[in-house]
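In listed order, ligands and their atoms are each counted from 1. Quick caveat, the model's predicted, so the values are computed rather than measured. The basis for the numbers below is simple: all heavy atoms, side chains too, and nothing from hydrogens, waters or symmetry mates.
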Amino acid sequence: MKKRLIIVGSGLGGLSLALRASSNDWEVSILERNDTLGGKLNIFEQNGFRFDTGPSLITLPQVFAELFEQCGVEHEHLRFRHLVPLTQYRFANDEQITYPDTLPATAALLERIEADRGRGYWQLMATAAKLFELSSRTFFESVPTEIPSREQVQMLLHSLRWLPLRNAWGNYARTVDRHITSPQLRQIFYRYPTYVGSSPYRAPATFLVIPYLEAAFGGWYVEGGLYRIVETIVAALEQRGVRTYTSAPVTAILHRNGKVEGVRLATGDVLEGDVVVFNGDATTVNALLGMPAQPNKAERSMSGVIYLLGLRRRLPTDVHHHTIAFSSDYRREFDQIFEQRQFPDEPTVYVNVTSKTDPTTAPQGCETVFVMANAPAVEGKRWEQEMSMLWERINGVLERRGITIAESDVVVRSVWTPERFERTYAMPGGAIYGLASHSYRTAFLRPTMRHRRIKGLYFVGGSTHPGGGTPMVILSSKLAYNLILRYEVDS
Ligand SMILES: Cc1cc2nc3c(=O)[nH]c(=O)nc-3n(C[C@H](O)[C@H](O)[C@H](O)COP(=O)(O)OP(=O)(O)OC[C@H]3O[C@@H](n4cnc5c(N)ncnc54)[C@H](O)[C@@H]3O)c2cc1C
């Protein structure tokens, strides 16, 4: 008889775990509290405008290809488009840099803006390349809280030679400052730890892998929008007979004598299973287990304020697919987010205009615009009461950096606050990436993937190992599945 696997949550981690398991003879059910599948990787469509409501940039496309190939998923119709150049940055001193996202093309930029033709930049990238190599063999391939297999031990021992790496083990911003002199290039570099919701001033220098992997493997978009990834996976799951239930919140994970038995839904229905995998925020699981809440002192990653705007006019051609309007004082901005737990008075604003490269996402002559600013994840905060202030500050920065969005041009609008994120995805404070990675401990020892006391209960997704972001949650599904095989099948 097939073993029954229940996945609570249909984020990319949950969906890709379902792909792996259903390729290997498990009976899989997915239960999602919302009425669409995909979790934060989701879609909003109105009047011919199509928005990705979450991720907008794909890095490490090879991780997606590997998933599809390993699970035999037809994906030829999914067109990943390499965006070159990737991002336009606009600074407070009116300078603009269109940042090339390939290592050779960066050389020309460095000639212009960096002392010593960017020697420090290349040193950082050389370190980051080794860090990436090290992570790919260790951190991405094994779970630090589990006893490693013999193969993993060999890999770890082999990798020890990388440990004396210079520049790799300090503070992120200070390491950047030691190697890069241009204030603009520094600010570009500071932004990378925000890809996982952390502050550059507190993140470890190992996060240099992010600018490296973006430069080495590119930044990508999926034609038709990133939700095509979810549609492709869901089609494959349907073919394999995986049962997906939407509008199906799980209210309890059932267990007896230290062994998982299934789940209870809000309707009172019970679904029995041999293994349960929780894809929601791992730090919240105790509420479903009927256990006291975990004393949680760890700091949460950032949330965001997002405006999805359908414009009935095109934006000027110098606004790119990805444009960043930087604040004038980045440190102050992060102090306000992480120390004062406030929305910054001058936020850095990310503008993502998919219709610049993909006309299918907007009606003709129109523009699909995703505007995002980082915000603190504060549990229970009533953001809806601050709506006019939020847009005033965001729009103020856009205007000062030369991006005008006329109110009269907005024909579609949907706003996401941290409060809406919290409510929709059951993530405390609306923290997009689970816990912040502000120390080596929180970066490397994330909430465990296997429950310590309840056999058969596992975790997958951005709040557990190896962390947030679309490629990482796909890797997380690989690690979770390997653990399930090790503890539920092999033993
Ligand atoms: C605005 C935004 C921008 C982002 N930008 C990028 C980007 O550019 N590039 C990138 O790579 N990543 C980006 N990310 C991060 C990326 O979206 C996430 O890391 C990833 O999609 C998370 O996947 P996950 O598997 O952790 O599941 P999640 O997406 O967190 O989904 C978990 C699901 O579990 C469901 N759930 C929780 N509890 C229950 C319950 N009790 N019963 C039933 N269902 C439950 C939730 O409703 C949710 O649907 C962004 C995210 C956001 C929000």
Which residue and heavy atom of the protein sit nearest [atom], plus the separation:
atom: atom 1 (C) of ligand 1; result: I306 CD1, 3.3 Å
atom: atom 47 (O) of ligand 1; result: E32 OE2, 2.8 Å
atom: atom 9 (N) of ligand 1; result: L57 O, 2.8 Å
atom: atom 40 (C) of ligand 1; result: V8 CG1, 3.6 Å
atom: atom 31 (O) of ligand 1; result: G11 CA, 3.3 Å
atom: atom 19 (O) of ligand 1; result: G469 N, 2.8 Å
atom: atom 16 (C) of ligand 1; result: P55 CG, 3.8 Å
atom: atom 25 (O) of ligand 1; result: G13 N, 2.7 Å

Contact between [X] and ligand 1, counting heavy atoms under 4.0 Å?
X: Y433; answer: yes
X: P249; answer: yes
X: T424; answer: yes
X: P471; answer: yes

Worksheet entry | Validation row: R300, L435 side chains within 4.5 angstrom (heavy atoms) |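 Yes, their side chains come closer than 4.5 Å.
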**Asked** Do N279 and S10 have side-chain heavy atoms sitting under 4.5 Å apart?
**Response**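 The answer is no, as the side chains (C-beta and beyond) never meet within the 4.5 Å cut-off.
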Considering only heavy atoms of [X], which atoms of ligand 1 have at least one such atom less than 4.0 Å away?
X: L12; result: 23 (O), 25 (O)
X: N34; result: 47 (O)
X: L31; result: 43 (C), 44 (N)

Counting heavy atoms only, name the option from [options] that's nearest to [atom].
atom: atom 2 (C) of ligand 1; options: G54, S16, G39; answer: G54
atom: atom 45 (C) of ligand 1; options: M472, K40, R33, R423; answer: R33
atom: atom 11 (O) of ligand 1; options: T194, T470, T53; answer: T470

- Can the positive tip of R450 be found less than 6.0 Å from the middle of the six-membered ring of Y487, inside 45° of the ring normal? yes
Check for me whether R186 meets the cation-pi criterion with Y330, that is, NZ or CZ under 6.0 Å from the six-membered ring centre and within 45 degrees of the ring axis.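 Judged by the rule, R186 and Y330 form no cation-pi pair.
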Would you give the length of the straight line joining atom [atom1] of [X] to atom [atom2] of [Y], rounded to the nearest 0.5 angstrom?
X: E333; Y: D345; atom1: CD; atom2: CG; answer: 9.5 Å
X: T244; Y: I30; atom1: OG1; atom2: CD1; answer: 6.5 Å
X: T87; Y: I324; atom1: OG1; atom2: CD1; answer: 6.5 Å
X: L78; Y: F64; atom1: CG; atom2: CZ; answer: 10.0 Å
X: R240; Y: L19; atom1: CZ; atom2: CG; answer: 5.5 Å

Ligand 1 to [X] polar contact by distance, N or O atoms, under 3.5 Å:
X: V473; value: no
X: V250; value: yes
X: F370; value: no
X: Y425; value: no

Take atom CZ of R341 as the centre, draw a 6.0 Å sphere, and report whether it contains more than 12 heavy atoms from other residues, nucleotides or ligands.
yes
* To do: Please check if atom CZ in R452 has more than 12 non-hydrogen atoms from other residues, nucleotides or ligands closer than 6.0 Å.
  => yes
* Measure from the side-chain N and O atoms of K356 to the backbone N and O of D318, and report whether any donor-acceptor pair falls under 3.5 Å. =>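 No; zero donor-acceptor contacts below 3.5 Å.
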Side chain, backbone, both or neither: which part of [X] comes within less than 4.0 Å of ligand 1 when only heavy atoms are counted?
X: V460; result: neither
X: F421; result: side chain
X: I432; result: side chain
X: N279; result: both
X: D281; result: neither

| query | Does the distance from a Lys or Arg side-chain N to an Asp or Glu carboxylate O, for E346 and R401, drop under 4.0 Å? | reply | yes
Between T348 and S327, does any side-chain donor sit less than 3.5 Å from a side-chain acceptor?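 Looking only at side-chain atoms, S327 and T348 do form a donor-acceptor pair, the distance falling under 3.5 Å.
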Original post:
How about F51 and F370: are their ring centres within less than 6.0 Å of each other?
Top reply: no
ask   = Below 6.0 angstrom between ring centroids: does that apply to Y190 and Y201?
value =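 Ring-ring flag for Y190/Y201: true, centres closer than 6.0 Å.
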